[in-house]
Amino acid sequence: MRVDLITIFPEYFSPLKLSLFGKAQEAGLVEVKIHDLRSFTIDKHKTVDDAPYGGGPGMVMSAVVWGEAIDAVLKQAKTKPVLVVPTPSGNVFNQEMAIKLASFDHLVFINGRYEGIDSRVVEHYQQSGEFSDVIEVSIGDYVLAGGEVAALVILEATSRLINGVIGNEDSVTDDSFAPGEMQNLLEGPIYTRPPSWQGLDVPEVLLSGDHAKIAQWRKDEALKRTRKFRPELQA
Ligand code: JBQ
């Protein structure tokens, strides 16, 4: 997978060097390029935003500058990419969307500040046919200062689903929210050695070696936890 990220804060994406995503890059499974939006400005002050038409607080990011940056990225594209736009006014991101994004071979993220990007940018690339899809996505109902952290969240959830990125494929299929029997169940409690700590003992059943009983216990615990914390997920 190829990923282009356009931002006024390139350093926000330093964590992509680390851990799973860093290893995936070294292994050639993902190739990431970060682009500084300001390098596509043409004025001396490298201006990327302007006052909103109609008035109101904050600033709106310029369609002209974003258009230059996106067109430059498109010129380098070998296949039609998907445009991903983190925005508080998009669909709320979930595992199903991560699975869909992981199936594409080129993603372009445009990361705006909270007040957002001139709406004509999304409109233009929806109609230009240069992207196979334009996906506006929010990571949740709270206020962020910009799209960068949302892009990191989306990328982490997506990249770990690419074949080869995770060593242990079971940890993908066992996740809360992963498709299957345990879909829409939160994961129950987990333990490792020692068997007793601070007077707290690991549940007997996990030491029993009875795999059917362990599976049933885990499912019961997952149900309990789901009812407690996320009753809207299911009965
Ligand atoms: C959203 F995706 C974005 C981008 C910018 C601000 C945001 N605020 C809240 N939730 O995920 C978001």
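Residue indices begin at 1 and follow the sequence shown. Side chains are part of it too, since the values below use all heavy atoms of this structure and drop only hydrogens, waters and symmetry mates. All ligand and atom numbering here is 1-based and tracks the order in the structure.
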With Trp66, which of Asp71, Val122, Val48, Ile6 fulfils side-chain contact (heavy atoms from CB on, under 4.5 Å)? Ile6
Out of curiosity, is Asp141 lining ligand 1, as in a heavy atom under 4.0 Å away? no
Note: Arg2-Asp4 ion pair, threshold 4.0 Å (strictly below): yes
At less than 4.0 angstrom from any non-hydrogen atom of Thr87, what atoms of ligand 1 do you find? 2 (F), 3 (C), 4 (C), 12 (C)
Ignoring hydrogens and angles, tell me if any N or O in the side chain of Ser62 forms a donor-acceptor pair with the backbone of Val65 under 3.5 Å. yes
Pull out every atom of ligand 1 sitting under 4.0 Å from any heavy atom of Val137, numbered as shown with elements. 2 (F)
Which atoms of ligand 1 are found less than 4.0 Å from any heavy atom of Tyr142? 8 (N), 9 (C), 10 (N)
Test of proximity, Ile139 against ligand 1: N or O pairs below 3.5 Å: yes
Is it the side chain (CB and beyond), the backbone, both or neither of Ala150 that lies under 4.0 Å from ligand 1, heavy atoms counted? side chain
Smallest separation among heavy atoms of Asn111 and Pro86, with atom names: OD1-CG, 3.7 Å
Would Gly140 count as a polar contact of ligand 1, with the cut-off being nitrogen or oxygen pairs under 3.5 Å? yes
Anything under 30° is parallel, anything over 60° is perpendicular, the rest tilted; go ahead and classify Phe131 against Tyr125. perpendicular
Donor + acceptor pair across side chains of Glu148, Thr7 (<3.5 Å): yes
